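Accompanying notes for the structure given below.
Predicted, not measured: the structure shown is a model, and the values here were computed from it. All values below come from the heavy atoms of this structure, side chains included, with hydrogens, waters and symmetry mates left out.
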Amino acid sequence: MDLVVQYRNALLPVEVKAGKSGRLRSLHEFMDRCPHDRAIRLLQNEFSIEQVQTGNSKDFQLLNLPLFLAGQLPAYAKWWMEN
């Protein structure tokens, strides 16, 4: 996990990947401990939302954003949390 974005009273973990994929071990560890079910990944890929499961079987939603949208991260976090 590389950073967190605050939206209201939730801290959304953000993982940044240089390629089109990658392991999410630290992100999964964070998600196992947090009370909500949303995380964000910036990578060289297309916009998508996927259902993911940690090694401890916690389900969460992962918002995948292309790297060029990193400057819009707060706006996308707000949109995603409100919809």
Side-chain angles (χ1 to χ4, degrees):
M1 188 179 74
D2 297 301
L3 58 118
V4 294
V5 173
Q6 182 177 357
Y7 177 74
R8 295 189 181 171
N9 61 349
L11 294 176
L12 300 172
V14 180
E15 183 78 27
V16 180
K17 295 295 181 189
K20 292 187 177 186
S21 64
R23 296 181 48 181
L24 300 172
R25 187 178 60 185
S26 61
L27 181 67
H28 285 199
E29 289 176 14
F30 183 93
M31 291 308 298
D32 279 333
R33 291 174 174 84
C34 76
H36 59 77
D37 66 347
R38 304 231 174 161
I40 300 171
R41 175 170 52 182
L42 292 168
L43 70 168
Q44 292 180 3
N45 218 341
E46 296 180 359
F47 176 94
S48 67
I49 298 174
E50 61 183 282
Q51 191 70 27
V52 179
Q53 190 173 69
T54 69
N56 291 329
S57 300
K58 179 180 179 179
D59 292 322
F60 69 96
Q61 292 181 349
L62 182 62
L63 175 64
N64 294 302
L65 291 176
L67 286 170
F68 71 86
L69 292 176
Q72 299 297 318
L73 192 56
Y76 274 95
K78 180 181 180 201
W79 165 82
W80 191 42
M81 292 298 284
E82 292 179 358
N83 293 298

Quiz prompt | Backbone of Met31 reached by a side-chain donor or acceptor of Lys58 within 3.5 Å | solution = yes

Quiz item: Is the side chain of Gln44 donor-acceptor paired with the backbone N or O of Ala18 at a distance under 3.5 Å, no angle test?
Solution: yes

Quiz item: Should Arg41 and Ser48 be marked as a side-chain contact (heavy atoms from CB on, under 4.5 Å) after you check the CA-CA gap, both sets of side-chain angles, and the distance that decides it?
Solution: CA-CA 10 Å; Arg41 175 170 52 182; Ser48 67; over 6 Å; no

Find the distance between [atom1] ([X]) and [atom2] ([Y]) and round it off to the nearest 0.5 Å.
X	Y	atom1	atom2	answer
Asn83	Ile49	CG	CD1	9.0 Å
Asp2	Leu27	CG	CG	9.5 Å
Phe47	Tyr76	CZ	OH	6.5 Å
Leu63	Leu42	CG	CG	8.5 Å
His36	Asn9	NE2	CG	9.0 Å
Leu62	Gln51	CG	CD	10.0 Å

Quiz item: Which residue, Leu73, Leu65, Leu67, forms the side-chain contact (heavy atoms from CB on, under 4.5 Å) with Leu69?
Solution: Leu65

Exercise. Assign the ring pair Phe60 / His28 to parallel, tilted or perpendicular, where the plane angle (0 to 90°) is split at 30° and 60°.
Key: perpendicular

Quiz item: Do Glu50 and Asn64 get their side chains close enough for a donor-acceptor pair, meaning under 3.5 Å?
Solution: yes

Exercise. Run the numbers on Lys17 and Asn45 for side-chain contact (heavy atoms from CB on, under 4.5 Å), then give the verdict.
Key: CA-CA 10 Å; Lys17 295 295 181 189; Asn45 218 341; over 6 Å; no

Exercise. Decide yes or no for Arg8 and Glu82: does some side-chain heavy atom of the first lie under 4.5 Å from some side-chain heavy atom of the second?
Key: yes

Practice problem: Indicate yes or no: at least one non-hydrogen side-chain atom of Asn56 is less than 4.5 angstrom from one of Glu29. | Solution: no

Exercise. Provide the closest heavy-atom pair for Ala77 versus Ile40 in the form atom of the first, atom of the second, distance.
Key: CB-CD1, 4.2 Å

Quiz item: Is it the case that one hydrophobic cluster holds both Val16 and Val5, taking links as side-chain heavy atoms less than 4.5 Å apart, direct or via other members?
Solution: yes

Quiz item: Cluster question for you: counting only ILVMFWY and a side-chain heavy-atom cut-off of under 4.5 Å, with indirect links fine, are Leu11 and Tyr7 together?
Solution: no

Self-check item: Note: Glu15-Arg25 ion pair, threshold 4.0 Å (strictly below)
Solution: no

